[in-house]
Every structure is written in C-alpha cells, then in structure tokens.
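Along the sequence shown, residues carry numbers from 1. All values below come from the heavy atoms of this structure, side chains included, with hydrogens, waters and symmetry mates left out.
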Amino acid sequence: MHVTLRQLKVFESVARLLSYTRAADELHLSQPAVSMQVKQLVEKIGLPLFEQIGKKIFLTEAGREVFRYSRSIEQQINELEDTIGSLKGISGKLSISVASTANYFVPILLGTFCKRFPDVSVSLDVTNRKTLLQQLNDNETDLVIMGQPPADMNLVADIFMENNLVIIAPPDHPLSKHLSKQKPPHTQIPLKKLENEIFLVREQGSGTRDAIERFFQAHDIHITTGMEIGSSEAIKQSVQAGLGLGLLSHDTLDMELALNKLVILDVDEFPILRHWYIMHLKSKRLSTVAIAFKKFLLTEAKSILGKV
Ligand code: PGA
C-alpha cells in the first residue's frame, strides 16, 4: 500500500471538517485538488472512506481507522520536527509585531515555539493595525500578525486561522435572550434593531474598528457609538458594567463566556467572518527563524489553540 503523507494530511483535514470545501480552504488548495488526493487514497486503501447521505459526508468504519492513524502520524511528524529543529539548532532573534487582539493567543503559540527552539529569542510588539502597517513599511519587524491585509502594499499574507467578530452583551441585557448558542428555531435579532443600542468600540486605527465600520456601512446601518476604548479588555469590562454593547473578536472572549459574564448575541449577518494573517513585505528576506515560525503558525496554530 503506497500511501503518501500528503494524501493522509488532506484526508485528515476532510475527515475532521467533514467538508471538502472547508478542507480546501484550510489547506489553501482548490477543491478538485483535495478531491483528487482523497480519491487516490481511497484507491490505494481499496475501501470507501466516506459515505454521502444527502448533502453530508460521513466517515465509514475504514475512514475512522484511517483518520485515527493519520492523526497519530501527523503528531509523530510534529515530534520529528521538534527533534530535527533542536538538532539543526534553529537559533537567533525573531521579531514579531501583532495586532492588540492577537495578544489573546500569540503568547500561547510562542510558548510552544520557544520550547521547541530554546535558542530563539523573541521580541514581541503588541500594537494596533495602523502602527503595524507603519512597521511593515519601515521594515522594523520580521513578521506581522493581524486581520485583513491592506490591498495597497506589496505583501505576502497567509491565513492561518479564523477571526470572527461578534456582538457581546451582559447576560441580563434585554437582547440576551437571542443567544447564538440556542438551537433553531429561534428568531435572530434584525440588524436594524442595533440602531437602538449604544456600542462601545475600539479606537480609530484598530483593525476591529475598521472591519466594523465597513460592515455597517455596507449594510446601511447607523449605530450609535458610546465610549471609544483602546483595549478589548476594557471594552469587556464596560459591557459587563452595562455601559453598552461591544463588538470584538471571538478570540478575546474565552474567559468571559466560560464564566457566563458575557453572552454573544444572535444577530442577523453575524458573526462578521474574518481571518488572521501572517504577513511580511514581499521584498523581505526572512531569517531561518522567521521561516520556521511562519511554517509553525500555518501548520500548527489551529491545533495548538484547539480550533480544529
Ligand atoms: P486590532 O486588530 O486589535 O487592531 O483591532 C485586529 C485585526 O487586525 O483584526
């Protein structure tokens, strides 16, 4: 049986997401390329791995076995990379700048990366979108992590994770009976209703703020902004204090959602679907450490953060 690692990787993604389209997105491949890899794997194995019922696909018994093995092979390869990494002695300085919101997960990723490559020293700058673009332009950093890359800069920008924006409220807010966790059928809050609310928003220059403004403009909704606050943490506190509704990345909310201090409202057209990008100037010559970190992010960030 001549099965390739690539086939197993593609299969693992389709089997985990139970969708060819989503796997293609995740792997940055076209859907026909994904289908082809799975088809070749099925031919090699000689048994069907998926069955289709209606529009949905399910794993067959053989599919579940191959899924189990492909996950453990992937894990072994990561361990192999760890070992090779320390043998190769990837070392040196890595300078990264990240959007304020990315502060909620980048340190976790750096924890794993630095453990793997103990001779790497990292300098991390956390700032807002406007400053990040300036730093890219002035070649002051190796890599930048932020939302939507600007169209007018010559960048290499790769998606590594979703970054969805949601509306938050305190649990006792009148709109809080419309929760996105509730099972249908239930009524969503119409966008127009948001015009009666006050919103606490991030400062000008923030990527979150920028995305929100573009979204409401595109939907012809005029919201009232209360306080402008330069920190997601302070927005969450102010929403809990009843000063208004908040609009933040889902990535900032783990703790408050778990403790039931805030809820996500189920509003029509929400969440605003965005992504996290790792980027650098096209003309930038990346160091070995920067290349290693970029690869690490693209291949492992989601599983380390439990987003798979
Ligand atoms: P912000 O950026 O923290 O500046 O809002 C997040 C983003 O770029 O989406």
Side-chain angles (χ1 to χ4, degrees), residues 19 21-22 24-26 28 31 98-102 104 127-134 136 144-155 157-169 173-176 178-182 184 186-232 235-236 238-239 243-253 257 262-279 307:
S19 157
T21 318
R22 288 174 60 203
D25 279 354
E26 178 177 272
H28 308 294
Q31 206 197 311
V98 308
S100 328
T101 306
Y104 286 84
T127 181
N128 76 14
R129 177 184 175 88
K130 193 171 162 209
T131 316
L132 291 174
L133 295 179
Q134 193 61 47
L136 270 173
V144 160
I145 293 176
M146 66 177 187
Q148 193 62 34
D152 57 352
M153 279 177 82
N154 217 355
L155 297 171
D158 291 290
I159 291 176
F160 64 92
M161 209 167 69
E162 286 182 358
N163 170 22
N164 298 332
L165 303 185
V166 293
I167 300 187
I168 47 168
H173 190 280
L175 292 178
S176 293
H178 301 267
L179 298 185
S180 59
K181 271 191 297 193
Q182 278 176 0
H186 69 282
T187 46
Q188 286 188 308
I189 302 164
L191 268 183
K192 205 69 189 154
K193 229 174 163 182
L194 298 182
E195 292 188 337
N196 305 329
E197 300 295 327
I198 291 179
F199 280 88
L200 310 175
V201 292
R202 285 279 307 275
E203 78 286 5
Q204 290 284 357
S206 125
T208 310
R209 169 79 176 259
D210 193 49
I212 291 165
E213 284 182 351
R214 275 185 288 123
F215 174 86
F216 284 127
Q217 203 168 16
H219 290 82
D220 197 23
I221 298 292
H222 304 276
I223 58 163
T224 308
T225 51
M227 270 196 285
E228 186 177 288
I229 306 177
S231 125
S232 303
I235 290 186
K236 291 189 289 182
S238 309
V239 172
L243 292 169
L245 299 181
L247 256 158
L248 289 176
S249 165
H250 196 288
D251 291 327
T252 65
L253 297 168
L257 295 178
L262 290 171
V263 294
I264 296 177
L265 299 183
D266 190 7
V267 180
D268 192 22
E269 304 289 340
F270 270 83
I272 302 178
L273 302 177
R274 304 179 71 226
H275 291 96
W276 285 113
Y277 288 79
I278 174 102
M279 55 184 94
K307 304 258 180 184

Taking every non-hydrogen atom, the tightest pair across [X] and [Y]:
| X | Y | value |
| --- | --- | --- |
| Arg202 | Glu228 | O-CG, 3.8 Å |
| Ala211 | Leu165 | CB-CD1, 3.8 Å |
| Leu194 | Phe199 | O-CE1, 3.7 Å |
| Asn164 | Glu162 | ND2-OE1, 3.3 Å |
| Gln31 | Thr21 | OE1-OG1, 3.6 Å |
| Val166 | Pro271 | CG1-CB, 3.9 Å |

Roughly how far, to the nearest 0.5 Å, is [atom2] of [Y] from [atom1] of [X]?
| X | Y | atom1 | atom2 | result |
| --- | --- | --- | --- | --- |
| Ile235 | Leu248 | CD1 | CG | 5.0 Å |
| Leu200 | Ser232 | CG | OG | 12.0 Å |
| Asn128 | Ser231 | CG | OG | 12.0 Å |
| Met153 | Leu136 | CE | CG | 5.0 Å |
| Met146 | Ile278 | CE | CD1 | 11.0 Å |
| His250 | Thr101 | NE2 | OG1 | 14.0 Å |

| Salt bridge between Arg22 and Glu26, side-chain N to carboxylate O under 4.0 Å? |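 Salt bridge: no.
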
Quick one: are [X] and [Y] in side-chain contact, heavy atoms under 4.5 Å?
| X | Y | value |
| --- | --- | --- |
| Pro149 | Val144 | no |
| Phe215 | Leu247 | no |
| Lys130 | Glu203 | no |
| Thr127 | Ser100 | no |
| Thr208 | Ile212 | yes |
| Val267 | Leu191 | yes |
| His173 | Val239 | no |
| Val201 | Glu213 | no |

| request: Can you sort out the partners of His28 under side-chain contact (heavy atoms from CB on, under 4.5 Å), two or more places apart, ordered by chain and number? | output: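 Applying side-chain contact (heavy atoms from CB on, under 4.5 Å) to His28 gives Ile159.
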
| request: Apply the test side chain to side chain contact (heavy atoms under 4.5 Å, CB included) to residues Phe160 and Ile145: give CA-CA distance (whole Å), side-chain angles for both, the deciding distance (0.1 Å), then the verdict. | output: CA-CA 10 Å; Phe160 64 92; Ile145 293 176; 3.8 Å; yes

| said: Strictly by side-chain hydrogen bond (donor to acceptor under 3.5 Å, both in side chains), give each pair with a member in residues 267-277 just once, sequence neighbours left out. | reply: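 Listed once each, the pairs are Asp251-Trp276.
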
| message | Just checking Ile198: does its CD1 atom have more than 12 heavy atoms from other residues, nucleotides or ligands closer to it than 6.0 angstrom? | response |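 Open: at most 12 neighbouring heavy atoms sit under 6.0 Å from CD1 of Ile198.
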
| task | List for me each residue that meets side-chain hydrogen bond (donor to acceptor under 3.5 Å, both in side chains) alongside Asp158, sequence neighbours excluded, and say none if there are none. | result |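 So Asp158 forms a side-chain hydrogen bond (donor to acceptor under 3.5 Å, both in side chains) with Lys294.
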
| request: Verify side chain to side chain contact (heavy atoms under 4.5 Å, CB included) between Lys236 and Leu253, making sure each step is shown before the conclusion. | output: CA-CA 8 Å; Lys236 291 189 289 182; Leu253 297 168; 3.7 Å; yes

| Side chain of Lys193, backbone of Leu175: donor and acceptor closer than 3.5 Å? |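 A pair under 3.5 Å: no.
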
